[in-house]
K.L.:
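Here it is, the structure, as structure tokens.
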Amino acid sequence: MKNIVDFFQIAEKLQCEYRLTRMSDGRPQAVASHSWNMAMMAMVLRPYLKTQVNMERVYQLCMLHDLPEAIAHDVPLHEQTDAVRAKKHADESAAIKQIVELLDSDEFQECFDEYDARDSAESKLVKALDVLDTAIQHLCTQDLLYIGSFADNFYWKMFFNPDFATFFDFEPVMRDVFDEVKCRVSERLKNELNIDAKDFEK
């Protein structure tokens, strides 16, 4: 029981770890909230998926994919130089080892490995949901200027780059949802800030 309670204490910290994205009420998004959003999206999109997936596995990967950040912390993308990425990988690997040893769970290790490899349909779907949640936060946030304030519009340039949409191409419904979100974000930028999203595609 001691190890299980120790694990629950680690998992609780994911609610205290915040991402760069801001929610509709202006507060930063907790990593745990991000994981919950992904599981909710998976449940809603399930009837529309063309790919056969094990939904129990999808939910597991949604819940676990960022759990190492409860120990290793989140690092915003615009700060991830090669050196920072290497340290992030090392820190998260150590966090995964700590979590797996605590629970003595092959299943947890398999989940972490599967998500990292991105070979299965389930892991590809969860990665797409991971990216889609960020896109939806771009739509829901009160502060569009905030998103553009990092590294010369780093996040807008990434969001409107055609390569960004390739995360969703393996599932038609995922691409349809993303295209709708992208259209609405473009409208918000035009109406609220008089910014043409095409400027970020250059």
Side-chain angles (χ1 to χ4, degrees), residues 1-46 49 51-138 140-141 167 171 174:
M1 289 302 105
K2 178 183 181 302
N3 284 5
I4 290 174
V5 173
D6 286 347
F7 170 78
F8 289 158
Q9 285 187 287
I10 291 173
E12 186 273 343
K13 293 183 185 300
L14 211 59
Q15 299 176 77
C16 309
E17 187 67 29
Y18 295 99
R19 290 158 53 86
L20 189 71
T21 49
R22 292 184 180 178
M23 300 185 300
S24 56
D25 65 356
R27 291 182 298 170
Q29 182 188 34
V31 179
S33 173
H34 164 65
S35 298
W36 181 88
N37 282 349
M38 289 168 58
M40 179 64 72
M41 289 189 291
M43 183 175 67
V44 170
L45 294 172
R46 178 181 183 178
L49 297 175
T51 307
Q52 191 83 19
V53 293
N54 178 334
M55 288 305 296
E56 181 179 355
R57 190 62 154 189
V58 168
Y59 296 140
Q60 285 178 314
L61 295 177
C62 285
M63 292 297 102
L64 291 176
H65 81 288
D66 275 343
L67 183 58
E69 293 181 5
I71 299 170
H73 306 297
D74 181 56
V75 181
L77 274 176
H78 72 280
E79 296 179 2
Q80 291 187 25
T81 62
D82 288 345
V84 170
R85 275 191 292 272
K87 183 179 186 306
K88 179 177 184 292
H89 179 74
D91 290 347
E92 289 185 356
S93 295
I96 289 170
K97 184 173 185 291
Q98 180 179 340
I99 292 165
V100 170
E101 287 180 350
L102 190 63
L103 294 178
D104 192 22
S105 170
D106 291 338
E107 183 178 23
F108 271 45
Q109 184 65 63
E110 289 167 4
C111 283
F112 288 126
D113 291 344
E114 181 178 344
Y115 183 73
D116 189 51
R118 222 90 81 219
D119 288 333
S120 67
E122 289 79 8
S123 62
K124 290 175 183 176
L125 175 60
V126 171
K127 181 58 184 178
L129 292 168
D130 182 23
V131 177
L132 183 60
D133 181 56
T134 299
I136 289 173
Q137 291 307 129
H138 286 350
C140 293
T141 185
F167 280 108
E171 264 295 335
M174 297 293 293

K.L.:
Are a donor atom and an acceptor atom from the side chains of Thr134 and Arg19 found within less than 3.5 Å of each other?
P.N.:
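The answer is yes; a qualifying pair exists.
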
K.L.:
Distance from Leu102 atom CG to Asp6 atom CG, nearest 0.5 Å?
P.N.:
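Answer rounded to 0.5 Å: 5.5 Å.
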
K.L.:
To the nearest 0.5 Å, what is the distance between SG (Cys16) and NE2 (His73)?
P.N.:
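Between Cys16 SG and His73 NE2, I get 11.0 Å after rounding to 0.5 Å.
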
K.L.:
So do the side chains of Ile10 and Gln98 get within less than 4.5 Å of each other, counting heavy atoms only?
P.N.:
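Answer yes - side chains close enough.
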
K.L.:
For His78, I'd like to know if atom NE2 has over 12 heavy atoms of other residues, nucleotides or ligands within 6.0 Å.
P.N.:
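Enclosed.
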
K.L.:
Show the nearest heavy-atom pair for residues Gln80 and Pro76, with the distance to one decimal.
P.N.:
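Looks like CG-O, 3.4 Å.
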
K.L.:
I'd like to know if Glu17 and Lys13 make a salt bridge, using a cut-off of under 4.0 Å between side-chain N and carboxylate O.
P.N.:
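No salt bridge links Glu17 with Lys13.
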
K.L.:
Please report the shortest heavy-atom distance between Met41 and Leu132, naming the atom on each side.
P.N.:
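Closest approach of Met41 to Leu132, heavy atoms only: SD-CD2, 3.8 Å.
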
K.L.:
So do Ile96 and Gln109 actually touch side chain to side chain, heavy atoms under 4.5 Å?
P.N.:
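Result yes, sub-4.5 Å side-chain heavy-atom pair found.
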
K.L.:
Give a yes or no answer on whether the side chain of His89 reaches the backbone of Ala86 with a donor-acceptor pair at less than 3.5 Å.
P.N.:
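Not confirmed, His89 side chain does not pair with Ala86 backbone.
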
K.L.:
Looking at every heavy atom in both Leu14 and Ala30, which two are closest together, and how far apart are they?
P.N.:
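So the two residues come closest at O-CB, 4.3 Å.
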
K.L.:
Given the rule in the side chain to side chain contact (heavy atoms under 4.5 Å, CB included) test, do Leu45 and Leu129 qualify, once you have shown the distances and angles that lead to the verdict?
P.N.:
CA-CA 10 Å; Leu45 294 172; Leu129 292 168; 4.2 Å; yes

K.L.:
Classify the side-chain pair Thr21/Gln29 by whether it contains a donor and acceptor separated by less than 3.5 Å.
P.N.:
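Yes, because at least one side-chain N or O of Thr21 sits under 3.5 Å from a partner of the opposite role on Gln29.
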
K.L.:
Tell me whether the count of non-hydrogen atoms from other residues, nucleotides or ligands lying under 6.0 Å of CZ in Arg118 goes above 12.
P.N.:
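It does: Arg118 CZ has more than 12 such atoms within range.
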
K.L.:
Indicate yes or no: does Lys127 engage Asp130 in a salt bridge with an N to O separation below 4.0 Å.
P.N.:
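Yes, Lys127 and Asp130 are salt-bridged.
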
K.L.:
Just verifying a value: how many Å separate Cys140 SG and Asp133 CG, rounded to the nearest 0.5 Å?
P.N.:
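Reported value, rounded in 0.5 Å steps: 9.0 Å.
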
K.L.:
First locate atom CZ of Phe8, then atom CE of Met1, and finally report the distance between them rounded to the nearest 0.5 Å.
P.N.:
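The distance works out to 9.0 Å.
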
K.L.:
Taking the side chain as everything from C-beta on, heavy atoms only, tell me whether Tyr115 gets closer than 4.5 Å to Leu64.
P.N.:
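They are not in contact (no side-chain heavy atoms under 4.5 Å apart), so the answer is no.
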
K.L.:
I want to check something: taking the side chain as every heavy atom from C-beta on, are Lys124 and Thr51 in contact at a cut-off of under 4.5 Å?
P.N.:
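Not in contact.
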
K.L.:
Crowded around Asp25 CG? As in, over 12 foreign heavy atoms under 6.0 Å?
P.N.:
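Counting other residues, nucleotides and ligands, CG of Asp25 exceeds 12 neighbours.
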
K.L.:
Which pair of non-hydrogen atoms, one from Pro68 and one from Glu92, has the smallest distance, and what is that distance?
P.N.:
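Residues Pro68 and Glu92, closest heavy atoms: CB-O, 4.0 Å.
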
K.L.:
For Tyr59, is the NZ or CZ atom of Arg57 found under 6.0 angstrom from the centre of its six-membered ring and inside 45 degrees of the ring axis?
P.N.:
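No, Arg57 and Tyr59 do not form such a contact.
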
K.L.:
Mind checking whether Val75 and Arg85 have side chains closer than 4.5 Å, heavy atoms only?
P.N.:
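A side-chain contact under 4.5 Å is absent here.
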
K.L.:
Is any side-chain heavy atom of Leu125 closer than 4.5 Å to one of Leu49?
P.N.:
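A side-chain contact exists here, since the closest heavy-atom pair is under 4.5 Å.
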
K.L.:
Nearest heavy-atom pair of Ala95 and Ile71: which atoms, and what distance?
P.N.:
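Scanning both residues completely, I find the closest heavy atoms to be CB-CB, 3.8 Å.
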
K.L.:
Once rounded to the nearest 0.5 Å, what's the spacing between atom CE of Met23 and atom CG of Asn37?
P.N.:
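With rounding to 0.5 Å, CE (Met23) is 9.0 Å from CG (Asn37).
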
K.L.:
Compare every heavy atom of Glu114 with every heavy atom of Leu61, then report the nearest pair and how far apart it is.
P.N.:
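Heavy atoms of Leu61 and Glu114 come nearest at CD1-OE2, 3.9 Å.
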
K.L.:
To the nearest 0.5 Å, how far apart are CD in Gln137 and CZ in Arg22?
P.N.:
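Result: 12.5 Å between the selected atoms.
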
K.L.:
Compare all side-chain heavy atoms of Lys87 with those of Val84 and state whether any distance is below 4.5 angstrom.
P.N.:
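Side-chain contact under 4.5 Å: no.
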
K.L.:
Is any side-chain heavy atom of Phe7 less than 4.5 Å from a side-chain heavy atom of Leu67?
P.N.:
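Phe7 vs Leu67: side chains touch.
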
